[in-house]
Amino acid sequence: MATVVSVRPEPRPSGPTTGAADAAHASGTTLVRADAGSAAPLASSTTSDGSDGSRQPLLQRQWLRLRPGFTNGHLAAFFVGSLFTISFFVFVNSSQAFVLKEIVHTPDSELGNTSGSLVFWDQITTLVVITIWGALSDSIGRHAVYAAGYLLIGAAFLVYPYATNAFPQLLLLRILFACGGAAVSAMIAAVMADVADERDRGKIAGIAGFMTGLGALMGLFVFLRLPTVFGKTDSGLRRSYSIVGSIALVLAVFLFWALPRPNVSKHIRLPDSAESLTAGSALPPVESPAASSQAVAPPTPAGRPAVQAPQDPFASVAGSPSTSFGDVRNAKTNWLVAHFVRTVKSARDGLAAARDPRIALGYVGSFLARGDTIAVSLFIPLWVYKYYLDNGLCESPEGVNGDIQSCREAYVLSSIISGVTQTFALIGAPLFGFLADKLYRPLVLLIASVMAMVGYFLLFLSTDPHSKMNYFTAFLVGVGEIGMVTLSLTFVTASSVPREARGGVAGVSSLFGAVGILIITKLGGYLFDSWSSGAPFFVVSVMHILCIGATIVVMIIDFVRLGFDGRRSWSAALGRLRTHEQNDLAADS
């Protein structure tokens, strides 16, 4: 079996293997070495058998370059997590209006405020726990936090449609969901920061955005349609939530197994023949063949590199002949204290990282990206539902109290409008991923924010959900939304973020997203009932104007730093900014 190790572009290796390293650097390839037991020297880019019968390594091209120690299996697990995370958020928010009306029997005049209040306390909970989740993942591993998050989501879903009142029952279940949702949303940025090589970070962010859009469509066209498949809306909602909750529990087990353990790349070792290739890079120091043969297990049957199991922090204490219960207890206490200190430090590092204008811009992008998502998934269904109620288009089913109305057509139309929006987002995700790797990134974020701002303002002006103009509006909103998601990810997962602070930065990024949802849901919900059903879209549009201003400020800072005096054309200046941006990222790698 062969183990794949990514070769970093900076700095270039020196020594007798410089030629092979330069070829790898120029072509964006990965170096493949022989099994751990062999120490064959580097060869040409074709595979051949040496005179001693050993298989020579080769250079092969990788379409998506990953950081050392990570595999395509880890990347695939990350994409699966991205797919289902957003689908669960979309499902719970899009179905909430129908849970309130069909199960809890909330009065029509309180729909907007009650929905906004539930999401408000959801985000208050997120604000409290999300930075802790992100920082904790630096200590116990992304896989453990991901699994814990999906377990909480699954438990909340299984019980959610059996609540009999909005406060306190639905509220408590929504808080439970929020604890799990905070964990999985923080891990999207953290895992991507771990896995993605800087040269292909935009592409990977684009694919993650594509999976996010696909997950939104799954939530709208698969999960949200389940109640209509099962018949009556109330019983259909209960069965639907049971199915989706079970999927979340299965995902918890899958991601706990499929994602890498903490510090996976620190336990990868190369034979001496590859030592010169790792000199000065981010790879760990190379051990001698003797030490390596003892420290490295053979590759697994699937070809994945073996990873040393983390040391048991209590083994040295518990294994001593004179060990007492107090010794073991003290060891456990010290271990927990160490994890707590590391968690606090990681969270502090995440906040301090905002001194970098680009990371700060990524936080602003996260603020709007999550706000855009909630505006589509929560307020579009409410907007459609309110239109049907106000115009007497809902029917009262036989045998049910007359004040309880069934709006199945509103249910279907809201899923169509939201689905079209997310379809455009799905199409725009790879486009923005490509542009993020090719163009000056703040400029791409500016384009996305302008599109979203115009789209939400047009949605605010619309008075009829059946209008054909809404499809053009859905295009602007969907493409702008996914642009914000993709670009904010590239900023907060850049190689300039230190490895030990990635979880903290991911947590703070999600914290800003939670604040965005908090403001939009509470303010939007209040204005929905007191002013207009389109008011939440106006709030989002105004917030995008603030993001546009922040992006322009960062662009001005970059222009001033490079000494732009206005004599060059704007295209030349932007090209120079992109070149400088690439050089900075390569140096940080």
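Within 6.0 Å of atom CZ in F221, more than 12 heavy atoms from other residues, nucleotides or ligands are found, so the atom counts as buried in its surroundings. Within a 6.0 Å sphere centred on OH of Y388, other residues, nucleotides and ligands contribute more than 12 heavy atoms. A 6.0 Å sphere centred on OH of Y526 holds no more than 12 heavy atoms belonging to other residues, nucleotides or ligands. More than 12 heavy atoms of other residues, nucleotides or ligands lie within 6.0 Å of CZ in F167, so this atom counts as buried by the packing criterion.
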| task | Please lay out, stage by stage, how D194 and F78 fare under the test side chain to side chain contact (heavy atoms under 4.5 Å, CB included). | result | CA-CA 11 Å; D194 289 341; F78 163 66; over 6 Å; no
| task | Start with the C-alpha gap between L170 and L100, add the side-chain angles, then the distance that decides, and say whether side chain to side chain contact (heavy atoms under 4.5 Å, CB included) holds. | result | CA-CA 9 Å; L170 272 185; L100 289 173; 3.7 Å; yes
| request: Mind running side chain to side chain contact (heavy atoms under 4.5 Å, CB included) on L64 and I207 for me, showing each step along the way? | output: CA-CA 11 Å; L64 292 176; I207 296 175; 3.7 Å; yes
| task | I would like to know whether F223 and F88 meet side chain to side chain contact (heavy atoms under 4.5 Å, CB included); could you show each step before the answer? | result | CA-CA 9 Å; F223 296 160; F88 293 151; 3.9 Å; yes
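Nearest heavy atoms, A196 versus I204: CB-CD1, 3.6 Å. Here the closest non-hydrogen pair linking V145 and W133 is CG1-CE3, 3.6 Å. The two residues G371 and I520 come nearest to each other via the heavy atoms CA-CD1, 3.4 Å. Taking all atoms of both residues into account, the shortest heavy-atom contact from V104 to A166 is CG1-N, 3.4 Å. Here the shortest heavy-atom pairing between L255 and Y150 reads CD1-CE1, 3.2 Å. When all heavy atoms of V554 and P357 are compared, the closest pair comes out as CG2-O, 3.9 Å.
For residues 169-188, every residue pair satisfying the ring-ring contact (aromatic ring centres under 6.0 Å, His included) rule, not counting sequence neighbours, is listed here: F89-F177, F157-F177. Sorted by first and then second residue, the side-chain hydrogen bond (donor to acceptor under 3.5 Å, both in side chains) pairs involving residues 530-551 (not counting sequence neighbours) are D372-H544, S449-H544.
S467 places no side-chain N or O within 3.5 Å of a backbone atom of T463 that could act as its donor or acceptor partner. Looking only at distances, no side-chain donor or acceptor of N93 sits under 3.5 Å from a matching main-chain atom of S377. Judged by distance alone, the side chain of Q96 and the main-chain N or O of S115 form a donor-acceptor pair under 3.5 Å. Formation of a donor-acceptor pair under 3.5 Å by the S94 side chain with backbone atoms of F91 is not found in this model. In this structure a side-chain-to-backbone donor-acceptor pair under 3.5 Å is missing from S509 to V505.
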Kindly list each side-chain donor-acceptor pair under 3.5 angstrom involving residues 210-219, sequence neighbours excluded, with atom names and distances?
unit_1, atom_1, unit_2, atom_2, d
T212, OG1, A208, O, 2.9

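Taking CG from L443 and CE from M555, the interatomic distance works out to 5.0 Å, rounded to the nearest 0.5 Å. Rounding to the nearest 0.5 Å places OG of S185 at 4.5 Å from CZ of R370. Atom CG of L426 sits about 12.5 Å away from atom OG1 of T421, to the nearest 0.5 Å. F537 CZ to L461 CG: the interatomic distance, rounded to the nearest 0.5 Å, is 11.5 Å. Interatomic distance, CG of L220 versus CD1 of I380, reported as 9.0 Å (0.5 Å rounding). In this structure, I175 CD1 and I124 CD1 are separated by 10.0 Å, a value rounded to the nearest 0.5 Å.
Between Y387 and L413, every side-chain heavy-atom pair lies at or beyond the 4.5 Å cut-off. You'll find the side chain of T85 reaches within 4.5 Å of the side chain of Y146, heavy atoms only. Using a 4.5 Å heavy-atom cutoff, the side chains of Y162 and S242 are in contact. A heavy-atom distance below 4.5 Å is not found between the side chains of Y160 and L176. Side-chain contact between V515 and F512: absent, with no pair of heavy atoms (C-beta onward) separated by less than 4.5 Å. Between L118 and D122 the shortest side-chain heavy-atom distance does not fall below 4.5 Å. Residues Y241 and V99 form a side-chain contact, since some pair of their non-hydrogen atoms from C-beta on lies under 4.5 Å apart. Side-chain contact between S462 and W383: present, with at least one pair of heavy atoms (C-beta onward) separated by less than 4.5 Å.
Ring orientation note: the planes of F538 and F460 are tilted relative to one another, at an angle of 30° to 60°. Between F528 and F379, the ring-plane angle classifies as tilted under the 30° and 60° cut-offs.
Side-chain contact of T490 with R201: a donor-acceptor pair under 3.5 Å is absent, judged by distance alone. S117 and K522 share a side-chain donor-acceptor pair at under 3.5 Å.
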